[in-house]
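Below is one structure; the comments refer to it alone.
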Amino acid sequence: MRVATWNVNSIGARLPRLLPWLEETAPDVVALQETKCADGAFPYLPIAALGYEVLHSGDGRWNGVAILSRIGLTDPTTDLAGQLEARYATAQCGPLRVTSVYVPNGRSLDDPHYAYKLNWLASLRDTLTDLDAVKPIMIMGDFNVALTDDDVFDIGAFGGSTHVTEPERAGVRALLEWGLVDVRARPGKGDRPFTYWDYRAGMFHQDLGMRIDYVLATPPISISDAYVDRDARKGKLPSDHAPVVVDVSFGPDLERRS
DNA sequence: ATGTCATCTTAGAGATGA
């Protein structure tokens, strides 16, 4: 089974890249972020034509998350307790409980949006309280946090910046401490599996990136491969994020239990 | 390291966010 996450930075602008990518990559489940469209404007038809059921939560201009699944999609939820923006979507997709997240950016350390980001991560952690890590659960998306200094191209360039502070990292680590595992993709071009490169200043060309998109999975989910699809960041009108693609499998007992 | 890209407002360049 193949699962992927991708911040597409507008599904409207990215549709000419997304549709052929879905055909070539053939993921069974995809978590999308930054769709930047209202529910009524989501391109359901061309995606359904490729065999996917869709759960979308969209504000319109900003944010927006989706789950695409061709192995079933039930028990949809887009409400994250106490949070108003469209940044969270969960559904049962076959044996997997899948969540797509678009964690708030934080903007700057003195901006109220930074406290909002920490609060949002706490709300995300709270959703795990009643769940059991022996079941197959995946939370994936754009976390807007680099977990370690090695997850940015040069930690010296991030003094006083968001994405690398201890409270943000602790917010994500709380998910790992609960029992989710950080599925590290094998590196692409460089020695580190970056997933985001700023559009400006030739950052992608120089591989000056950040690893801020994560796939988190519970231990029963066996990972046979995980890679960053750098090709999707190249060429004409790419997103500023690359997809993370993960191949997973389960034991027969787990297939039954879920 | 702020060099790009996407969207909305409202008709064409500016504001906003990343």
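Hydrogens, waters and symmetry mates play no part in the numbers below; they use all other heavy atoms, side chains included. Each chain gets a letter, A, B and so on, in the order its sequence line appears, and its residues count up from 1.
Nucleotides B:dT10 and B:dA15 place their C1' atoms 13 Å apart, quoted to the nearest Å. If you take atom P in B:dT16 and the same atom in B:dA1, they sit 26 Å apart, rounded to whole Å. If you take atom C1' in B:dG12 and the same atom in B:dT7, they sit 15 Å apart, rounded to whole Å.
Backbone-only contact: A:Leu237 has heavy atoms under 4.0 Å from sugar-phosphate atoms and none from a base. Using a 4.0 Å heavy-atom distance criterion, A:Tyr102 is classed as a sugar-phosphate-only contact.
Going from atom CE of A:Met203 over to atom P of B:dG3 covers 13 Å, rounded to whole Å. Per the geometry, CZ belonging to A:Arg107 stands 9 Å off C1' belonging to B:dA18, to the nearest Å. Here the P atom of nucleotide B:dA6 and the CG atom of A:Leu15 are 13 Å apart, to the nearest Å. To the nearest angstrom, P of B:dG17 lies 13 Å from OH of A:Tyr116. Spacing between atom CG of A:Asn105 and atom P of B:dC5 amounts to 19 Å, rounded to whole angstrom units. Rounded to a whole Å, the CD atom of A:Glu34 is 11 Å from the C1' atom of B:dC5. One interatomic measurement links the two molecules: CH2 of A:Trp197 to C1' of B:dT2, which rounds to 19 Å at whole-angstrom precision. Atom-to-atom, CG of A:Asn63 to P of B:dT16 comes out at 17 Å; the value is rounded to the nearest Å.
One finds no salt bridge joining A:Arg200 and A:Asp240 here, because no Lys/Arg side-chain nitrogen approaches an Asp/Glu carboxylate oxygen to under 4.0 Å.
Regarding contacts with the backbone of B:dT7, a side-chain N or O of A:Ser10 is found under 4.0 angstrom from either OP1 or OP2. For the pair A:Arg200 and B:dA18, the criterion of a side-chain N or O lying under 4.0 Å from OP1 or OP2 is not met.
Side chains of A:Trp6 and A:Asp213: no donor on one and acceptor on the other come within 3.5 Å.
If you check B:dT16, B:dA18, B:dA1 against the side chain of A:Leu208, the one that comes closest is B:dA1. Minimum atom distance to the side chain of A:Gln206 is reached by B:dA1, of the listed B:dA6, B:dA1, B:dA18. Considering only side-chain atoms of A:Lys36, the nucleotide from B:dA18, B:dT7, B:dT4 that sits closest is B:dT7.
Mapping A:His113 and A:Pro238 onto DNA chain B via the closest heavy atom, the residue that lands nearer the 5' end is A:Pro238. Two residues, A:Tyr199 and A:His241, neighbour DNA chain B, and the one matched to the more 5' nucleotide by heavy-atom proximity is A:Tyr199.
Note that the CZ atom of A:Arg97 and the CG atom of A:Asp132 stand 12.0 Å from one another [nearest 0.5 Å].
Follow the hydrophobic side-chain contacts under 4.5 Å out from A:Tyr214 and you never reach A:Met138; the two are in separate clusters.
Annotation: cation-pi geometry satisfied between A:Arg233 and A:Phe204 (NZ/CZ under 6.0 angstrom from ring centroid, within 45° of ring axis).
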